Amino acid sequence: MIMAIHATRGLRALTQLACGASLAALAVSPAFAQDAAAPVADEAVATEDEIVVTGFRASLDKALDVKRDSVAAVDAIVAEDIAKFPDQNLAESLQRIPGITIQRDGGEGRGITVRGLGSQFTRVRVNGLETVATSTDGASANRDRAFDFNVFASELFSSIVVHKTASAELDEGSLGAVVDLNTGNPLAGKSGFTAALSAQGSYNDLSEKVGPRVAGLLSWVNDAGTLGFAVSAAYSDQKTLELGNNTVRWAQARFDSVNGAPCFTTTATSGIGVANSGGVYTNGRSAACDSVALAFHPRIPRYGEIAHDKKRLGITGSIQFAPTDATKISLDGLFSSFKHQRRERWGEVLLRSNERSINVRDYVIDNDNNMISATLDDAWVRTEHYLRQAKTEFYQFGGSWDQDVGDNFRFTLLGGLSKSTASIPLETTLVFDDRDAQGYRYDYTDMANPVLTFGTSVTNPANFQLAEIRDRPSEVENKFRTAQLRTEWDVTEGFTVKAGGVYRRFDFTSVAFTRDTVVCGNGGVDRVLGTLTCSPSSAFGPTAIYGFPVTSSLAELFTLGKAGQPAGTTTEWLVPNLEAGTAFTGLYNRTPALDAGNNRSVREEVTGGYLQFDAKGELGGLDYALNAGIRYVHTAQTSSGLSSGAAVTVKRSYEDWLPSVNLALFPHEDIIIRAAVADVMTRPTLGNLTPGGSVDGFNYRINYGNPFLDPFRATAYDLAFEWYFAPQSIFSVALFKKDIASFPVATTSSGTFASTGLPTSIIPPSSPAAINPEGQLWTINSIGNGEGASLKGVEVSLQAPFTFLPGFLSNFGGIVNATFIDSDADYSVAGPSVVPGGANVGAIRNGTLFNLSKRAYNGTLYYDDGKFSARASISYRSRYADANSGTGNVFEGYGSTINVDASMRYAITDNIEISVEGINLTDEYRYRFTDIDANRNYENNHFGRTFLFGARVKI
């Protein structure tokens, strides 16, 4: 059930709503109904002429009754809908709410964007305590403030509450929203024991694997309703596949020859073959060479498979004691373990940094300056086998004491701690190379689905050498410690004063190491076993030695499945056997070196307080409800990292005064007008706070942090109109605007590695730059306090049952919403080179905020007759950029997506229900672009359909 809640008693009432449902109860909390919306409680008393509505439609009806008597804009989903929507996790449930879109990794939701502001701008609280949950899903670990919703099974939570407007009593740190995740409220249930168990099988049609998904709840409340406990657990084991193609961006570079004409002055070398290296490139000497050098080509065109094996275990526990109506004490605990194994197998050509040795022929350059097709000789054919084993553990312990002191004063004392650890003990890659392959052909005429054809055998071990080994263990840890005091004083009827204080400490630590190495450097003895005599890096030809000979025992045959590949694409190739290859090279016995850029930490200690006034009454014959106040926070920040190989620590502090006002007007019993204005802030991105620099030796890029970055600060404006035009129905329009006063801006320049003053020892040892640090100019990125940005948008929502239709058709209903957003921000970008081999050209580029889709639509059609229910949901998100790009591309991001899900449930008895659910029924591909203008393919993958079938029993 999606609902907007505007509580007249503030956060305390909202918490009672949020925790009032459970897997067993599946209903809005009676405690909240009595406290915040008397009409909800009264509707249980029906006259003979009334139609009693039950199930999903009753939940929607209650939500609208609550919304009518409210002030601040809040959206929520209660347990009934988390359990019954066809969603794999909390993020996918949240996408049903107006203004919320999600980012997906591995085929399921991971982070959320609220009203155009990405996950770093959203604060998340679990049972009232701010926290960060970090996973290693996707291509890399989350080393930022973003909350990874895929860590938790949705069955563990009774509700999600999304605060879209700020108030003084609400925790700061969000430009987008504050999201509350709540695990339950035992005393809201019935007396005695209650138990619920659900069991499902999860089947993915790409992996063709079935995995279990099990959840259970046990709760007890004494007859007096003063003592209760609840325990819940959820476990799932899911195996999915991700199939598609990837380019790892596009780039400009000078090639050895074009259509047989040399582009460099090159002489033969003594020894092995011809040195496809050295010489001089003269601009203007060859129009074909210049044209190809200035065009963009795929850096690593490839097809492959990513296999995901995800195991989740979650446990929650809660004890509540309410000896009197004036006292309630709650203790809550949550544990989650998310184990993820990610295995990748790729067949590719490594153009990146090797263009100098490659000959180009039969090429085509399109109107966007993309060399969309070409045949390559002397190409570096490469196959990779990658395996990452990762584990995320999250736990939180918290407690609260709610106390009424007399009839007019009450307080809440809240405290607890949480810890999230994402560890990667193993992240291994082995590489086979064939560095003089002939006749490789790529064709990106269909940019999303290219034809990639190897001209030489990629199934013959004799053509390959084991050329590179990598292992990159790491760990990211987040800790929160929180203590809060909240007080409320009812001064007179309709006027309440709220005040409170907070202490919060956040600790972030990232530690990373590398065992990477190329087998051969520039001649000499190999770097792994010391048994090879390596050729110089300039050597070329079939007798050049750059790795260990590949035998059948070191290799395994990979066959590509349904990756969307057109006819003519090579679909079988050898990849390294990881077990045999790591044993042969002794990879895990190598002494790990520090990964300088990812060894860092941040500590933030926040102290502050708030004062808020709540009022309701009548003014000039117009009913109103109001809250207004101010929040003060002081942030003491300590940032540590490695700079030039040495540890550096920087301390600083800053403070914020954050006023806010929320107003609701009731010109008619069926119409509500809401308005809000507030100053809000989000603390800087963790990666940008690191003192010192990190080095990317593959892309010749250096990134410097800035521990003196100011927070993102903004003024937020909201105006909403709501019309309750019929029972259980609403039409609403919400306008919002954010003026962002401070917005960190990246700065980009080009230079030599020596100009940075960094030691060459921090260059990743397996990268091309480790062999030749000055092989090309470096892109040097930093970040500073820049000018602001702006954002504005509108949400439109319509909800209604189809009771006006005859017969069984009256059991249908629908919910639709649409969000339209625009924004304006300036970024420093490094665009294309204008001369062959030249530096990327820096410029200021105007665009939208990252992660912002200009359009998003959601629709749900449901049927519910009390025994049989069915729902179909569709979500659309338009194209969006999510980051500055590299290698001359301007912005990268994702294409538009449409996701279709459905579910059917049948209640055999009051206590037994069977269900079938389908997720991603259209098997939507995820297209990622690099360069927002040219729309160059970064990747195009699909994840298959997932079907869940099972039953649920309640006692």
Side-chain angles (χ1 to χ4, degrees), residues 1-5 56-57 59-60 63-64 67 73-78 80-104 108-119 122 149 154 160-162 164 176-177 179 720 722 728-736 793-802 812-821 851-864 869-880 894-903 917-922 924 926:
M1 173 191 65
I2 300 174
M3 59 185 181
I5 304 160
F56 178 68
R57 291 168 64 171
S59 298
L60 296 176
L64 295 185
K67 186 171 185 173
V74 176
D75 287 321
I77 307 170
V78 300
E80 181 176 38
D81 302 287
I82 294 175
K84 290 188 177 180
F85 261 127
D87 302 321
Q88 299 175 89
N89 61 42
L90 301 178
E92 295 180 10
S93 297
L94 283 164
Q95 72 177 330
R96 316 293 178 193
I97 290 176
I100 295 183
T101 53
I102 67 174
Q103 297 86 45
R104 296 175 184 269
E108 62 176 328
R110 180 178 181 182
I112 67 171
T113 294
V114 182
R115 290 181 167 180
L117 291 166
S119 53
T122 299
F149 288 89
S154 58
I160 311 173
V161 180
V162 181
K164 289 184 178 177
V179 178
E722 299 166 4
Q728 305 168 44
S729 305
I730 183 175
F731 171 72
S732 65
V733 179
L735 306 174
F736 54 89
V794 58
E795 295 171 0
V796 182
S797 183
L798 175 64
Q799 171 184 315
F802 301 162
F812 282 93
I815 307 169
V816 294
N817 62 69
T819 305
F820 306 93
I821 310 175
N851 294 299
L852 183 149
S853 290
K854 290 188 174 183
R855 300 179 308 282
Y857 310 111
N858 286 285
T860 297
L861 177 67
Y862 66 86
Y863 176 90
D864 192 346
S869 65
R871 271 176 266 180
S873 299
I874 183 169
S875 297
Y876 167 82
R877 180 177 188 178
S878 67
R879 185 177 189 240
Y880 66 97
Y894 293 88
S896 62
T897 57
I898 298 176
N899 286 90
V900 179
D901 309 317
S903 69
E917 303 175 16
I919 299 167
N920 190 27
L921 291 176
T922 60
E924 180 79 350
R926 181 187 66 183

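Bear in mind the structure is a predicted one, so any value in this text is a computation, not a measurement. Numbers here simply count residues along the sequence, with the first being 1.
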Exercise. Atom OG1 of T819 and atom CD1 of I97: how far apart are they, to the nearest 0.5 Å?
Worked result: 11.0 Å
Exercise. Would you say K164 and P98 make side-chain contact, with heavy atoms under 4.5 Å?
Worked result: yes
For this session: Would you please classify the geometry between the Y857 ring and the Y876 ring as parallel, tilted or perpendicular, with 30° and 60° separating the classes?
Result: parallel
For this session: Look only at the side chain of N858 and the backbone of Q95, and say whether a donor-acceptor pair between them is shorter than 3.5 Å.
Result: yes
Problem set entry | Flag side-chain contact, heavy atom, 4.5 Å: V794 against V733 | yes
Exercise. Which residues pass the side-chain hydrogen bond (donor to acceptor under 3.5 Å, both in side chains) test with S853, sequence neighbours left out?
Worked result: R877
For this session: Calculate, to the nearest 0.5 Å, the distance between atoms CG and CG belonging to D901 and N920 respectively.
Result: 7.0 Å
For this session: Applying side-chain hydrogen bond (donor to acceptor under 3.5 Å, both in side chains), name anything that partners E924, two or more places apart in sequence or on another chain.
Result: none
Problem set entry | Rounded distance (nearest 0.5 Å) linking atom OG1 of T922 with atom CD1 of I874 | 8.0 Å
For this session: Using the side chain to side chain contact (heavy atoms under 4.5 Å, CB included) rule, take L798 and F731 through it: C-alpha gap first, then chi angles, then the decisive distance, then the call.
Result: CA-CA 5 Å; L798 175 64; F731 171 72; 4.1 Å; yes
Seminar exercise, completed: Interatomic distance, CD1@I102 vs CG@N851, rounded to 0.5 Å, equals 12.5 Å
For this session: Output the distance between atom CD (E795) and atom CG (L735), rounded to the nearest 0.5 Å.
Result: 9.5 Å
For this session: Taking N817 for its side chain and R96 for its backbone only, find out whether a donor-acceptor pair lies under 3.5 Å.
Result: yes
Exercise. Distance from I112 atom CD1 to I160 atom CD1, nearest 0.5 Å?
Worked result: 8.5 Å
Seminar exercise, completed: Tightest non-hydrogen contact, residues T101 and A856, listed as CG2-CB, 3.7 Å
For this session: Using only heavy-atom distances, determine whether the side chains of S896 and S878 contain a donor-acceptor pair under 3.5 Å.
Result: no
Problem set entry | Minimum heavy-atom distance between G116 and L852, given as atom pair plus value | O-CB, 3.5 Å
